[in-house]
Amino acid sequence: MRYSEMHLPTGREIPSDAEVVSNQLMIRAGMIRKLTSGIYSYLPLGYRVIRKVENIVREEMNKAGAQEVLLPMVQPAELWQESGRWTYYGKELLRFKDRNQREYCLGPTHEEVITELVRNDIKTYRQLPKNLYQIQTKFRDEVRPRFGVMRCREFGMKDAYSFDADEAGAEKSYEKMFTAYNNIFRRCGLKFRAVEADSGSIGGSYSHEFMVMAESGEDAIAFCEKCQYAANLEKAEIAGPQPKAVSESEWLPVESIETPDVRTIVEVSSFLNVESTQIVKTLIFNADGKACAVLIRGDHEVNEIKVKNYLNAAEIELADDEMILKATGAPRGFAGAVGIKCRIIADYSIMDMVNFVTGANKQDYHLKNVNIGRDFKVESFADLRIAQPGDPCPRCSGNVKFARGIEVGHVFKLGTKYSKAMKAVYLDRDGKEKTMIMGCYGIGIGRTVAACIEQNFDANGIIWPMPLAPYSVIVSPVNINEKDVMKAAEDIYSELTAQGVEVIFDDRDERAGVKFKDADLIGIPLRITVGSKNLAQGNVELKIRKTGENRLSAFQNVVAEVKKIIDSEMKEAS
RNA sequence: CGGGAUGUGGCCCAGCUUGGUAGGGCACUGCGUUCGGGACGCAGGAGUCGCGCGUUCAAAUCGCGCCAUCCCGACCA
């Protein structure tokens, strides 16, 4: 394409409202424009990259046996009431009414619609398994949209849904998608990692997230330095206890100590001159309206998701002052397990603690030399805390490290959560009605593009990996008023085009510096510079965006050389 | 929803403290010079200063209210 005819408005200023690099660069490179908070238009260059990702996704989904459909974005309330999510999904679900006052929502995800579709058309085990997917615009009314297209309200997503007759089949469907996702992100040229994840409000029993590794990522990942274990921090397990035998002979008598206005771990630690590892923190949670005390070592943080899952609660939050007062008889800051009036669960890490410090359930008092078994009883021990770097790996003898990532894909084993609620059933071989087993699998298309930029940029702009590059090559004649130069550049351009290479011909009447800056900014992997001096020797320049290498290439050869580089880079990512 | 910041031609910003003719840079149009890493000169076009109400002879500037955008937190496939 001729640059002079393209709609490619680049900018040199960083937009004042763009914080993250990918957002700044996507705007400066003329890929996107913001319409309003969390809602973006894609310009030609941006949309080309979107389609690159979509096509890779499509190919791998088809290869994995999934079939493409297109589902409605506007969905009736009844469907969501049937699954229970009309109430449960919350404010992220954008609801509205039509002229007849019937309620609808904009689809944030499509479990309801696909389940409705499948239950009507699939009646027998002979029609199973099935995997249907779509690439379509979703709307989620995010509490706080941010980071450009990385966390926006309207966004393109590939979502797939599998239906199986039994667990074994569902397992297989999941594995297929897991493999397909690995292929997709590898083909996109991304550095990524599949991590174990919590399944959140979509529900279900088992899930993995695909994380593009980037410092700016919103998610923290814990991974083992020795084995393959990797998990989202909110899910990351900690190796179970190896409790030492607690010797009761070490137990000292409990002491109650006045600690006026000393509440936090830091305050208690310095006031009593004890290490935070010798303190047991007692947090009172409100789990579906009931108080529950969670005990944890002073230097650890509670993982609320683990607590919520352990208690099997619909909602948990830290208890308010009233509930704390009722359970402990004291204001916030002095809770302890001794004599508390609610359930007590505890993290593994306090199992073998002896003579520890804890709140006295009395204002301005803490207890010293408290011991489990003698002074209070714990209902059960569990893994309830947030992992820390260096914690033991739950799978091997190694230790975990931390990294950051951007979630670009998520695979869930849903089980029968939706098929049961919405009666997606089939007749099995034995003539009995059974519930289908589902899985769902999402990829954020725009987010993948942004994540790719977060991983591939420098001070001059974007550096596209070949598979996602909107164009593979840009041909830049240094001065369009020199006939020989223009003629040579035209020849290279048409030869590349004839060979099926995606190429921009920068035929603008601009100074060389402007052309080079724009080429770098929009991140085209290869640039052929045609200038009079080199051309007189029969040469042009071939510049590699990624490495900065700039080499001479014979005019006659450059097309073949470019083809070779493109082929090898595409192959490397395949 | 809590805390903070910002809102002035398409973009980046100054002007506001101390009220008095709306400014600069980039971009855009025309002419000329220049032409290998975001050129220069001259001449132009383009703005209800986020919106409303108020104070004042007079408001971008002061006061009150609202809206929008961004950041931190809470929340979240």
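Numbered from 1 within each chain, the chains take letters A, B, ... in sequence-line order.
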Please pick, from [options], the nucleotide with the shortest atom-to-atom distance to any side-chain atom of [X].
X	options	answer
A:Lys34	B:C70, B:G36, B:G37	B:C70
A:Asp17	B:G38, B:C71, B:C70	B:C70
A:Lys543	B:U69, B:G37, B:A74	B:G37
A:Leu521	B:G38, B:G36, B:C35	B:G38

Taking the same atom, [atom1], in [N] and in [M], what whole-Å distance lies between them?
N	M	atom1	answer
B:C42	B:A27	P	15 Å
B:A58	B:G41	C1'	40 Å
B:A60	B:U6	C1'	15 Å
B:U17	B:G30	P	41 Å
B:A14	B:G50	P	13 Å
B:C12	B:G65	C1'	30 Å
B:G24	B:A68	C1'	26 Å

Checking base pairs now: Watson-Crick or wobble, both atom distances under 3.5 Å. What partners [N]?
N	value
B:G44	B:C28
B:U18	none
B:G23	B:C13
B:G65	B:C51
B:U56	none
B:G2	B:C72

Q. Heavy atoms under 4.0 Å, any strand shown: does A:Arg447 hit a base, just sugar-phosphate, or nothing?
A.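 The residue A:Arg447 makes no contact with any strand.
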
Q. How would you label the contact of A:Ser476 with the nucleic acid (heavy atoms, under 4.0 Å): base, sugar-phosphate, or nothing?
A.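 The residue A:Ser476 makes no contact with any strand.
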
(Q) For the aromatic rings, using the six-membered ring if either is Trp, is the centroid distance between A:Phe178 and A:Phe210 under 6.0 Å? (A)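 Aromatic pair counts; centres sit under 6.0 Å.
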
Please tell me if [X] has a side-chain N or O lying less than 4.0 Å from either OP1 or OP2 of [N].
X	N	answer
A:Arg144	B:C1	no
A:Thr36	B:U69	yes
A:Ser16	B:C13	yes

Q: Using atom types as modelled and distance alone, determine if a side-chain donor or acceptor of A:Thr435 lies under 3.5 Å from a backbone N or O of A:Lys420.
A: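 No: the side chain of A:Thr435 does not pair with the backbone of A:Lys420.
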
